[in-house]
J.: 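I'd like to ask you about the structure that follows.
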Amino acid sequence: MAGLMRRLVIEGAHVATVDAVDREFAGGHVVVDGSRIIAVGDGPAPPWVFADGVEVERVDGSGHLLTPGLVNTHHHLYQWLTRGIAQDSILFDWLVALYPTWARIDEDLVEAGAEAALAVLAKSGCTLAADHHYVFPQGSGDIVGGIVRAAARVGIRLHGTRGSMDLGRSAGGLPPDFAVETTAAALEASALAVERYHDASADSATTSG
């Protein structure tokens with residue numbers, strides 16, 4: 001147990017494991033060492049949890065439901081910046097209304113919007129979010145890096161996906177031309193984002209693709 005910072009013990013909650021057989025415990029326990037769940041079961045935590053000299057934080061979960069963290073599988077975090085605009089529009093009209101604004105985002109704006117959007121997700125019980133960002137205006141900085149930093153501050157796991165657009169308004173697309181990329185530039189930037197930010201370790205908080 002060397003180097004262990006804290007053991008968290010939650011007891012008395014209704015535990016929904018969402019495991020392969022959907023076990024539930026009306027008054028169960030969950031024990032966490034660092035970032036790893038090491039015990040789940042019915043009733044109070046077993047005595048060994050408290051017997052090895054590790055610092056323990058006990059939480060009374062009575063009256064609460066305890067489940068695994070929720071997973072948001074598809075998000076566009078930057079769009080939090082413009083929530084409330086063109087709310088009554090159908091999809092195509094909404095995109096037409098907002099692309100001129102989205103085409104002016106940059107690293108700092110996206111980082112701020114991502115932090116706010118991820119904080120809302122965290123408050124709802126989400127612990128992993130997949131963000132699909134695809135608007136990279138010319139000169140906008142390291143947008144993917146801004147999203148990664150925002151996730152680290154909020155403390156939520158992030159799977160970042162670097163999308164792209166190569167069809168600007170002059171070629172019949174919706175976004176202004178300066179907000180799209182060539183296919184070659186998009187592929188190069190996507191490879192660089194994976195090189196910079198993908199972490200394949202077991203306790204990784206950030207993956208990219």
J.: Go through Tyr78 and Ile147 one step at a time and tell me if the side-chain contact (heavy atoms from CB on, under 4.5 Å) criterion holds.
T.: CA-CA 9 Å; Tyr78 79 97; Ile147 297 169; over 6 Å; no
J.: Spell out, as yes or no, whether a donor-acceptor pair under 3.5 Å connects the side chain of Arg83 to the backbone of Gln79.
T.: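 Here the side-chain-to-backbone pair does not exist.
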J.: Go through the steps for Val31 and Phe50 under the test side-chain contact (heavy atoms from CB on, under 4.5 Å), then give the verdict.
T.: CA-CA 11 Å; Val31 181; Phe50 310 98; over 6 Å; no
J.: Report yes or no: do Val32 and Trp48 belong to one cluster of Ile/Leu/Val/Met/Phe/Trp/Tyr joined by side chain heavy-atom distances under 4.5 Å?
T.: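 In one cluster with Val32: Trp48, no.
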J.: Side-chain heavy atoms nearer than 4.5 Å, only ILVMFWY residues, links allowed to pass through others: does that put Leu70 and Leu66 together?
T.: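 No, it is not one cluster - the side chains of Leu70 and Leu66 are not joined through contacts under 4.5 Å.
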J.: Where is the tightest heavy-atom contact between Asp19 and Asp22, given as atom of each residue plus distance?
T.: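 Heavy-atom minimum between the residues: OD1-N, 2.7 Å.
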J.: Do Pro137 and Asp106 make a side-chain contact, defined as non-hydrogen atoms from C-beta onward lying under 4.5 Å apart?
T.: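 No, too far: nothing below the 4.5 Å cut-off.
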J.: Quick check against the 3.5 Å criterion: does Arg196 have a side-chain atom that pairs as donor or acceptor with the backbone of Gly145?
T.: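 Such a contact is absent between Arg196 side chain and Gly145 backbone.
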J.: Supply the atom-to-atom distance Ser164 OG to Leu187 CG, rounded to the nearest 0.5 angstrom.
T.: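 Nearest 0.5 Å value for the OG-CG distance: 7.0 Å.
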J.: Ignoring hydrogens, what is the shortest heavy-atom contact between Val15 and His29? Give both atom names and the distance.
T.: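 In terms of heavy atoms, the two residues are closest at CG2-N, 4.1 Å.
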J.: Quick check: closest heavy atoms across Leu81 and Gly113, and the distance to 0.1 Å?
T.: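 Heavy atoms only, the tightest pair is CD2-CA, 3.7 Å.
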J.: Would Asp33 and Arg7 pass as an ion pair if we require N to O under 4.0 Å?
T.: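 Judged by the 4.0 Å cut-off on N to carboxylate O distance, Asp33 and Arg7 do form a salt bridge.
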J.: Ignoring hydrogens, what is the shortest heavy-atom contact between Arg23 and Thr17? Give both atom names and the distance.
T.: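 In this case the closest contact between Arg23 and Thr17 is O-OG1, 2.8 Å.
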J.: Report yes or no: does Glu11 contribute a side-chain atom to a donor-acceptor pair with the main-chain N or O of Ala45 at less than 3.5 Å?
T.: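 Yes: the side chain of Glu11 pairs with the backbone of Ala45.
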J.: I'd like to know if the side chain of Arg157 reaches the main chain of Ser204, judged simply by a donor and an acceptor atom lying under 3.5 Å from each other, with no hydrogens or angles considered.
T.: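 Between the backbone of Ser204 and the side chain of Arg157 there is a qualifying donor-acceptor contact (under 3.5 Å).
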J.: Starting at CG of Asp177, measure out to CG of Leu167 and round the result to the nearest 0.5 Å.
T.: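 Between Asp177 CG and Leu167 CG, I get 9.0 Å after rounding to 0.5 Å.
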J.: Could you tell me if the side chain of Thr182 sits less than 4.5 Å from the side chain of Asp166, heavy atoms only?
T.: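 Not touching, per the 4.5 Å side-chain cut-off.
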J.: If you look at every heavy atom in Leu128 and His159, which pair is closest and at what distance?
T.: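 In terms of heavy atoms, the two residues are closest at CD1-N, 4.2 Å.
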J.: Using the rule that Ile, Leu, Val, Met, Phe, Trp and Tyr join whenever any side-chain heavy atoms are under 4.5 Å apart, tell me whether Ile37 and Ile10 fall into a single cluster.
T.: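 Same cluster: Ile37 reaches Ile10 through Ile, Leu, Val, Met, Phe, Trp or Tyr contacts under 4.5 Å.
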J.: Look at the side chain of Glu111 and the backbone N and O of Ala150, then say whether any donor-acceptor pair between them is shorter than 3.5 Å.
T.: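 Looks like no, no N/O pair under 3.5 Å.
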J.: Is it true that a side-chain atom of Asp131 and a backbone atom of Leu158 form a donor plus acceptor pair closer than 3.5 Å?
T.: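 Answer holds: no.
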J.: Examine Tyr134 and Val148 and state if one hydrophobic cluster contains both, with Ile, Leu, Val, Met, Phe, Trp and Tyr joined whenever side-chain heavy atoms are less than 4.5 Å apart.
T.: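 The answer is yes; both residues are in one hydrophobic cluster.
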J.: For the CZ atom of Phe136 and the CD1 atom of Ile105, what is their distance to the nearest 0.5 Å?
T.: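 Between atom CZ of Phe136 and atom CD1 of Ile105 there are 8.0 Å.
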J.: With clusters defined by side-chain heavy atoms of hydrophobic residues (ILVMFWY) lying less than 4.5 Å apart, directly or transitively, does Met165 cluster with Ile143?
T.: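 Linked within one cluster.
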J.: Between CH2 of Trp80 and CG of Leu121, what distance do you get to the nearest 0.5 Å?
T.: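 One gets 12.0 Å once the value is rounded to the nearest 0.5 Å.
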J.: Parallel, tilted or perpendicular for His74 and His132, by the 30°/60° rule?
T.: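 Perpendicular.
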J.: Please name the pair of heavy atoms, one in Tyr99 and one in Pro175, separated by the smallest distance, quoted to 0.1 Å.
T.: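 Shortest heavy-atom separation between Tyr99 and Pro175 comes out as CD2-CB, 3.9 Å.
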J.: Do Arg36 and Asp203 have side chains that get closer than 4.5 Å, going by heavy atoms?
T.: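 When only atoms from C-beta onward are counted, Asp203 and Arg36 do touch, with a gap below 4.5 Å.
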J.: Please evaluate residues Glu115 and Val154 with respect to the criterion side-chain contact (heavy atoms from CB on, under 4.5 Å), reporting the C-alpha separation (whole Å), side-chain torsions for both, the decisive distance (0.1 Å), and the verdict.
T.: CA-CA 7 Å; Glu115 185 170 4; Val154 174; 3.9 Å; yes
J.: To the nearest 0.5 Å, what is the distance between NE2 on His75 and SG on Cys126?
T.: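 Rounded to the nearest 0.5 Å, the NE2-SG separation comes out at 8.5 Å.
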J.: Answer yes or no: does atom CD of Glu24 have more than 12 heavy-atom neighbours from other residues, nucleotides or ligands under 6.0 Å?
T.: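 Counting neighbours around CD of Glu24, more than 12 heavy atoms of other residues, nucleotides or ligands fall under 6.0 Å, so yes.
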J.: Hey, are the side chains of Val144 and Asp142 touching, using non-hydrogen atoms and a 4.5 Å cut-off?
T.: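 Counting from C-beta outward, Val144 and Asp142 do come under 4.5 Å.
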J.: If I take atom OG1 from residue Thr82 and atom CG from residue Leu98, how far apart are they, to the nearest 0.5 angstrom?
T.: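 Between atom OG1 of Thr82 and atom CG of Leu98 there are 4.5 Å.
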J.: Step by step, work out the side-chain contact (heavy atoms from CB on, under 4.5 Å) result for Glu107 and Arg149.
T.: CA-CA 11 Å; Glu107 177 181 346; Arg149 291 192 299 273; 2.7 Å; yes
